[in-house]
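Only this structure's heavy atoms are used, side chains among them; waters, hydrogens and symmetry mates stay out.
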Amino acid sequence: MNDSPVPNYYNSSEILNGQIASPQKEKPAYTKAELVISAAVAVIAFLYVRYAIFNIMGFITTAVFIAVITTVIVYLKNKGFTFSRVNIAIAAVLYIFSFVFSITANDLIKWLDLIFLFTAGAYLVYSVTAAKSDIERFLPFAFIKSIFVYPFSKFDSQGKIAADSVKGSKVGSNLKLVLLGLVVTVPLTAVVGALLMSADDGLEKLLTGIADRVFSEDIWILLAEIGLAVPCSMYLFGMIYANSFRSDIDEINDEECSRKLESARFIRNLVVYTAVTPICILYVMFFVSQASYFLSAFMNALPEGYSYADYARRGFFELFAVSLINMGVITGMSLHSKQGGREKPAALKFYTVMLSVFTLILIATAISKMLMYISVYGLTQLRVYTTWFMALMAIIFVMVIIKQFRFDFRFARHFSIAFTLMFALLCFARPDSLIAAYNIGMYNAGYLNELDTDVIMRMSDDAVLTAVNMGAVSDEEAADRVEGKYRRDSLSRYNISSLLLNRKISD
């Protein structure tokens, strides 16, 4: 006789009369708070899709994000979670960056801000529920968990909670009867309507007009927004629910992250040194042979045989690419060298510092060349964005050097602060307005040979408003441009720059 116990894979089944009953579906744990947050998330998800994905409008988008942040904070407070100082700081940053949609008309900045808010918001929910009092040391692992793993682990929870709350209730029974009635009557109504349309011209015109409205382009857009809002709502609720009920969640801890990093260290250090040494030698030869060429950038002088355009363009993007490659090489060295981390040998630190110093020299040279080019030809969006990114990379390489001498240096915390400050500079400086102001000012001072107003008119309302205020573009030209733009996209006018521009050209 076999007395062995029933295996654990029948964990939700019952054994009755020697037979195994069919397993029951697991019911999600929830209270009235989850029902309220589920309904709120569904509404917010639709508004998010409509006013943040389909139309990055401005004031309404800001209001949507403030509503999302506030709703999540109130829910987490209601569940008994406490906010540490770093959690409060992250929430404040989220509120501040929500206003970017209202102060600028630059679509690229708005999309970057959308990504920033989404990422930081997901981390805030994780950080509060995990009782974190500081930025994660292993921040990439936390981002992966908070953005991908946790939300999708409970992706179907909203549907289960809604079905379970409606099941057996009077509302649920009535809803079933209503749906049954609609299924029966719709075909019959269609047949009767067709017959009546054939019998009466007036009714035919009335029903045709209604049909045209129902099946208009706006309706299809609305259906697409609703269709996208459903998975967005499930994702957002799954994120909140998974972090709030942490009984079966895969927690992040430093020991596990350290083990994963150790398992990635499979390259012998001698191989790394051998691979990196030729690169360092090449850099030394490169700097020695091209010393006068690159020092020209710092002395604001052109090498013989070069124009400003050729000198800046030929070097800048090549140096930009090399800097990115060096960042990849340093990351690979740190992650995959067998002897790394706290036990990193002096030789590996030396190579890391050398590559970082070489890269900083390249970045400084590239930025100097770009500044020389800007002083002659003015600013453009590409020049501003690439220069900003190179400056951000320089900060990262400085922190990499510091990390080699101070292992306990909290790289993730300082990088988060530096990136947030740099991104705030990019967003709140309203680069299009700065570009227009700089170019117009340089032209009026005689430093630029020509002012390309067509480029300004192709930028956002930030630039056009500045150009109108500085007299470089007439009210009539701005009015023609605004009329053409808003004929295609009337929702993009709801931000401070666009409203001020409309008021300016209307006076």
State plainly whether the residues Lys79 and Glu34 are in salt-bridge range, i.e. N to O under 4.0 Å. yes

Quick check: do Pro231 and Phe155 have side-chain heavy atoms less than 4.5 Å from each other? yes

Determine, using ring centers only, whether Phe143 and Tyr126 are less than 6.0 Å apart. no

Say whether Asn87 and Ser84, considering side chains only, have a donor N or O and an acceptor N or O under 3.5 Å apart. yes

Mind checking side chain to side chain donor-acceptor pair (under 3.5 Å) for Ser356 and listing every partner two or more places apart, or none if nothing turns up? none

Between Arg481 (side chain only) and Arg458 (backbone N and O only), is there a donor and an acceptor less than 3.5 Å apart? no

Among Arg246, Lys132, Lys145, the one residue meeting salt bridge (charged side-chain N to carboxylate O under 4.0 Å, His left out) with Glu251: Arg246

Test item: side-chain donor near acceptor, Ser497 and Asp462, under 3.5 Å: yes

Does either side chain, that of Thr62 or that of Ser102, offer a donor lying less than 3.5 Å from an acceptor on the other one? yes

How long is the span from the CD1 atom in Ile219 to the CD1 atom in Ile226, to the nearest 0.5 Å? 8.5 Å

Closest heavy-atom pair, Leu382 versus Thr386, reported as atoms and distance to 0.1 Å, is O-OG1, 2.7 Å

Where is the tightest heavy-atom contact between Glu256 and Asn253, given as atom of each residue plus distance? N-OD1, 2.6 Å

Between Thr61 and Tyr494: side-chain donor-acceptor atoms closer than 3.5 Å: no

Residue pair Tyr150 / Asp250, side-chain donor-acceptor N/O under 3.5 Å: no

Parallel, tilted or perpendicular for Phe419 and Trp388, by the 30°/60° rule? perpendicular

Side chain proximity check, Tyr351 to Val272, heavy atoms < 4.5 angstrom: no

Could you tell me whether the side chain of Phe97 reaches within less than 4.5 Å of the side chain of Phe65, counting heavy atoms only? no

Answer yes or no: does atom CZ of Phe99 have more than 12 heavy-atom neighbours from other residues, nucleotides or ligands under 6.0 Å? no

If you measure from CG on Leu434 to CG on Asn439, what distance do you get to the nearest 0.5 Å? 10.5 Å

In terms of relative ring orientation, are Phe266 and His336 parallel, tilted or perpendicular, with 30° and 60° separating the classes? tilted

If you define the side chain from C-beta out and look only at heavy atoms, does anything of Phe83 sit under 4.5 Å from Lys77? yes

List the atom pairs, with distances to 0.1 Å, where a side-chain N or O of residues 395-403 and a protein N or O form a donor-acceptor pair under 3.5 Å, not counting sequence neighbours.
| from | atom 1 | to | atom 2 | distance (Å) |
| --- | --- | --- | --- | --- |
| Lys403 | NZ | Phe407 | O | 2.7 |
| Lys403 | NZ | Phe409 | O | 3.0 |

Exercise: identify the closest heavy-atom pair between Val468 and Ala478: CG2-CB, 3.7 Å

Quick one: pull up CG in Leu124 and CD1 in Ile73 and give me the separation to the nearest 0.5 Å. 6.5 Å

Before accepting this row, confirm whether a basic side-chain N of the pair Arg259/Glu255 lies closer than 4.0 Å to the acidic partner's carboxylate O. no

Between Ser433 and Thr466, a side-chain donor and acceptor under 3.5 Å: yes

One should read off an interatomic distance between Gln381 CD and Ile109 CD1, to the nearest 0.5 angstrom, of 8.5 Å

Can you tell me how far apart OG (Ser244) and CG (Leu76) are? Round to the nearest 0.5 Å. 5.5 Å

Would you kindly say whether Tyr283 and Asn326 are connected by a side-chain donor-acceptor distance under 3.5 Å? yes

Can you find a side-chain donor-acceptor pair between Asn269 and Ser337 that sits under 3.5 Å? no

So, taking the atom named CG in Asn106 and the one named CZ in Arg430, what distance separates them when rounded to the nearest 0.5 Å? 10.0 Å

Residues 231-241 vs side-chain hydrogen bond (donor to acceptor under 3.5 Å, both in side chains), sequence neighbours excluded, gives Gln158-Ser233

